[in-house]
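Here's the structure, in structure tokens; my notes come after.
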Amino acid sequence: TVGCVALDQDGNLAAGTSTGGMTNKRFGRIGDSPIIGAGTYADNNSCGVSATGHGEYFIREVIAFKICAKMELQGMSVDSAASSTIHGDLTTIGGTGGVIALDKNGNISMPFNTAGMYRGYVGTDGKMGILIFKSD
Amino acid sequence: QQKVAIVIHGGAGTIEKSKLTPELEKEYRSKLEEALTIGHSILTEGGSSLDAVVSTIAILEDSPLFNAGKGAVFTSDGHHELDASIMDGQSLNAGAVASVKRIKNPILLARTVMEKSPHVMLAGYGAEVFAKEQGFSFVENDYFFTEKRYEYWQKVIEGETGEAEKHG
């Protein structure tokens with residue numbers, strides 16, 4: 001699965017996710033990637049999110065929307081909202097994976113509970129970072 | 001004027017440092033950098049966040065390194081099925097496609113569903129009929145074939161991956 005969240009000069013957020021799904025899947029199984037609110041969500045009032053991981057868990061916890069809702073309704077920062085959702089809500093029900101999240105002010109969060117996640121960013125300061133492992 | 005920013009991912013999982021060769025790690029880092037550079041340049045030149053997201057994801061879809069587009073994993077019947085979605089944070093408009101088999105860049109079709117249809121998600125055959133109406137060109141399903149994914153699929157079939165299936 002791949003994903004991207006961007007913040008443009010007009011202050012607009014957008015998020016997208018694309019995937020080949022799960023190896024050996026049957027029955028027309030669909031994961032979270034195309035499900036708005038589960039694998040992808042964006043709201044200028046909070047943040048944009050793209051997810052990757054075991055889709056069924058992301059669907060059940062409505063992970064992408066939940067991160068945005070925590071920011072808007074509970075006043076949490078993007079990192080608190082994303083980290084608590086991945087390490088709390090998702091992990092509690094046995095799901096694995098991660099998200100990238102970017103808020104309306106350009107703050108970035110990239111939490112995951114797996115060994116690694118291919119990820120990268122260019123922040124509002126123009127600095128680029130590319131990371132793979134947990135220790136990066 | 002708002003300062004721009006962009007963040008990407010290429011999947012999460014059992015990525016162990018000991019199993020990723022320096023050459024392959026370099027390939028991953030290089031492709032992620034290429035995607036980020038394209039997306040960021042669109043933003044700094046005044047392009048929209050939607051344009052940046054689509055162009056960035058299309059680069060990752062075209063790479064055999066990631067499980068999206070070229071490099072997609074195998075279904076149980078030996079094919080590839082692709083899903084994608086996009087959302088605009090300003091309008092809360094959204095578009096998605098599921099189980100498409102012949103669309104080279106599903107993220108482009110997801111955006112077209114958002115902008116050119118009254119629907120949020122189109123799936124399977126219907127999504128491809130819509131794509132044809134919108135002038136999309138099609139690729140054969142084996143365009144998405146990669147040796148690496150085929151070998152992994154064989155291991156899954158034979159139960160050699162050692163990974164527990166998790167479906168929630």
Side-chain angles (χ1 to χ4, degrees), chain A residues 1-26 28 30 33-34 36 39-44 48 50 52-54 56-57 60 94-95 97-98 100 102 106 108 110 112 114-124 128 130 132-133, chain B residues 1-17 28-29 32-33 36 39-40 43 46 48-50 52-53 56-57 60-61 66-68 72-76 80-90 92 94 96-99 106-107 120-121 152-153 156 166-168:
Chain A
T1 306
V2 303
C4 177
V5 186
L7 174 67
D8 65 26
Q9 291 181 7
D10 294 324
N12 292 321
L13 289 162
T17 310
S18 181
T19 189
M22 189 177 74
T23 300
N24 210 37
K25 69 178 182 177
R26 301 172 64 195
I30 292 170
S33 295
I36 299 301
T40 302
Y41 202 79
D43 184 341
N44 279 5
S50 172
T52 174
H54 281 115
E56 282 77 359
Y57 295 85
R60 288 165 61 199
I100 52 170
L102 173 65
I108 290 166
M110 303 183 290
F112 55 96
T114 52
M117 181 167 82
Y118 298 105
R119 59 206 191 275
Y121 63 89
V122 181
T124 53
M128 180 185 289
I130 292 170
I132 299 176
F133 309 106
Chain B
Q1 188 173 300
Q2 172 81 43
K3 286 185 176 177
V4 303
I6 185 167
V7 57
I8 63 174
H9 72 77
T14 51
I15 307 163
E16 294 172 29
K17 210 161 195 169
Y28 274 105
R29 289 184 184 275
L32 291 168
E33 182 176 340
L36 272 174
H40 189 251
L43 295 169
S48 73
S49 52
L50 284 169
V53 165
T56 302
I57 289 181
L60 300 174
E61 287 178 334
F66 305 101
N67 177 23
V73 299
F74 281 79
T75 60
S76 65
H80 308 274
E81 287 184 358
L82 311 168
D83 311 323
S85 66
I86 191 164
M87 186 160 181
D88 176 1
Q90 181 186 24
L92 301 188
V97 293
S99 299
I107 192 67
V120 170
M121 182 191 285
Y152 183 74
W153 179 48
V156 169
K166 297 176 80 172
H167 304 294

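We use all heavy atoms of the structure for the numbers below, so side chains are in, but hydrogens, waters and symmetry mates are not. Keep in mind that this is a model prediction, so the values were computed, not measured. Letters go in sequence order (proteins before strands), and every chain restarts at 1.
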Quiz item: Backbone N or O of A:Lys25 within a donor-acceptor pair of the B:Ser76 side chain at under 3.5 Å?
Solution: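 Yes.
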Measure the shortest side-chain to side-chain distance between [X] and [Y] over non-hydrogen atoms and say whether it is less than 4.5 angstrom.
X        : Y       : result
B:Leu92  : A:Asp43 : yes
A:Ile30  : B:Ser99 : yes
A:Thr17  : B:Ser85 : yes
A:Met110 : B:His9  : no

Quiz item: Which class fits the ring pair A:Tyr118 and B:Phe66: parallel under 30°, tilted 30 to 60°, perpendicular over 60°?
Solution: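 It falls in the perpendicular class, over 60°.
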Best-contacting candidate, [options], against chain B by heavy atom pairs under 4.5 angstrom:
options                             : answer
A:Ala6, A:Ala115, A:Pro34, A:Gly123 : A:Pro34
A:Gly11, A:Gly98, A:Ala14, A:Ser50  : A:Ala14
A:Thr40, A:Val122, A:Leu102         : A:Val122
A:Thr19, A:Thr124, A:Ile132         : A:Thr19
A:Arg119, A:Arg26, A:Met117         : A:Met117
A:Gly48, A:Gly120, A:Gly16          : A:Gly120

Can you tell me which of [options] forms the most heavy-atom pairs within a distance under 4.5 Å of chain A?
options                            : value
B:Ala94, B:Ser48, B:Gly11, B:Gly39 : B:Gly11
B:Gly46, B:Ala5, B:Ala96           : B:Ala5
B:Leu60, B:Leu43, B:Ile6, B:Ile86  : B:Ile6
B:Gln90, B:Glu61, B:Lys3           : B:Gln90

Self-check item: Segment of A:Ile130 engaging chain B (4.5 angstrom heavy-atom cut-off)
Solution: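 Backbone plus side chain of A:Ile130, per the 4.5 Å heavy-atom cut-off to chain B.
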What part of [X] is in contact with chain A, defined as an atom under 4.5 angstrom from a non-hydrogen atom: side chain, backbone, both or neither?
X       : answer
B:Phe74 : backbone
B:His40 : side chain
B:Val97 : backbone
B:Thr56 : side chain

Indicate the atoms forming the closest heavy-atom contact of [X] with [Y], along with that distance.
X        : Y        : answer
B:Ile15  : A:Phe133 : O-CD2, 3.7 Å
A:Asp8   : B:Ser49  : OD2-N, 2.9 Å
B:Met87  : A:Ile36  : SD-CG2, 3.6 Å
A:Tyr121 : B:Leu36  : N-CD1, 3.4 Å

Exercise. Please identify each residue that fulfils side-chain contact (heavy atoms from CB on, under 4.5 Å) with B:Val73, with sequence neighbours left out.
Key: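 For B:Val73 the side-chain contact (heavy atoms from CB on, under 4.5 Å) partners, ignoring immediate neighbours, are A:Thr23, B:Asn67, B:Arg149.
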